[in-house]
Structures are given as C-alpha cells and as structure tokens.
Amino acid sequence: SLCLVRVKDGADIEQIKTDIAENVDPMKWICVGVDPSNIIVDNIGDVVFLLMSDQETQTLYNAFLALAD
C-alpha cells in the first residue's frame, strides 16, 4: 500500500505523520499483513508519504525521496 496525502498550508505535518504512523493498520489485509518495520511515513514539503510493503520497501522509498531533487 502506498498513499500520498497533500496537507493544507500551515498544517502540523509532524503531528500528521505521527498520527498516521500510530493509527495505520499493518494487518488491514485479511490474509496477510506487513511487518511494522516496513512501514514508512515521511514527507517532502506538503506531501505526506505512507508506504506499507514487505517487498521493494527501500526502492519505493528511494523513488519518493528522489522527487525532492
């Protein structure tokens, strides 16, 4: 699962990231879950990135980070 969320100007991005990280359900799929160590919540500017994946986690995260360049 990969989600992008654009937040409003002036929003507390750090709090939003914390809220997402604390409330995301790594077992949202009926038959399989994601190891909590493979959940990434980060941002570039006003875009918050949530990734839950046991495969290609770092590759997808690196692609997101490359958008900042």
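Sequential numbering from 1 along the given sequence is applied to the chain's residues.
For the atom pair CD of Q55 and CG of N38, the computed distance is 10.0 Å after rounding to the nearest 0.5 Å. Taking OH of Y61 as the start and CG of D42 as the end, the distance is 3.5 Å to the nearest 0.5 Å. In this structure, CG on N62 lies 10.5 Å from CD on E56, to the nearest 0.5 angstrom. Atoms CG and CG, from L51 and L4 in turn, are 10.0 Å apart once rounded to the nearest 0.5 Å.
Hydrophobic clustering places V41 together with I13 (ILVMFWY residues linked when any side-chain heavy atoms are closer than 4.5 Å, directly or through intermediates). Under the 4.5 Å side-chain contact rule for hydrophobic residues, V24 and M27 do not share a cluster. The hydrophobic cluster containing V47 does not contain I20, counting ILVMFWY residues as joined when their side-chain heavy atoms lie under 4.5 angstrom apart, directly or transitively. Linking ILVMFWY residues whenever their side-chain heavy atoms come closer than 4.5 Å, directly or via other members, leaves I40 and L50 in distinct clusters.
Residues T57 and I39 form no side-chain contact, since every pair of their non-hydrogen atoms from C-beta on lies 4.5 Å or further apart. The side-chain heavy atoms of I44 and F49, taken from C-beta on, include no pair separated by under 4.5 Å. Annotation: side chain of N43 is in contact with side chain of E14 (closest heavy-atom distance under 4.5 Å).
The two atoms that bring A11 and I16 nearest to each other are CB-CD1, 3.9 Å, heavy atoms only. Nearest heavy-atom pair across K28 and S1 is NZ-OG, 3.3 Å.
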Problem set entry | V48 vs V7, side chain to side chain contact (heavy atoms under 4.5 Å, CB included): CA-CA, chis, key distance, verdict | CA-CA 7 Å; V48 177; V7 300; 4.0 Å; yes

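Of the possible donor and acceptor atoms, one in the side chain of D54 sits under 3.5 Å from a partner among the backbone N and O of D35.
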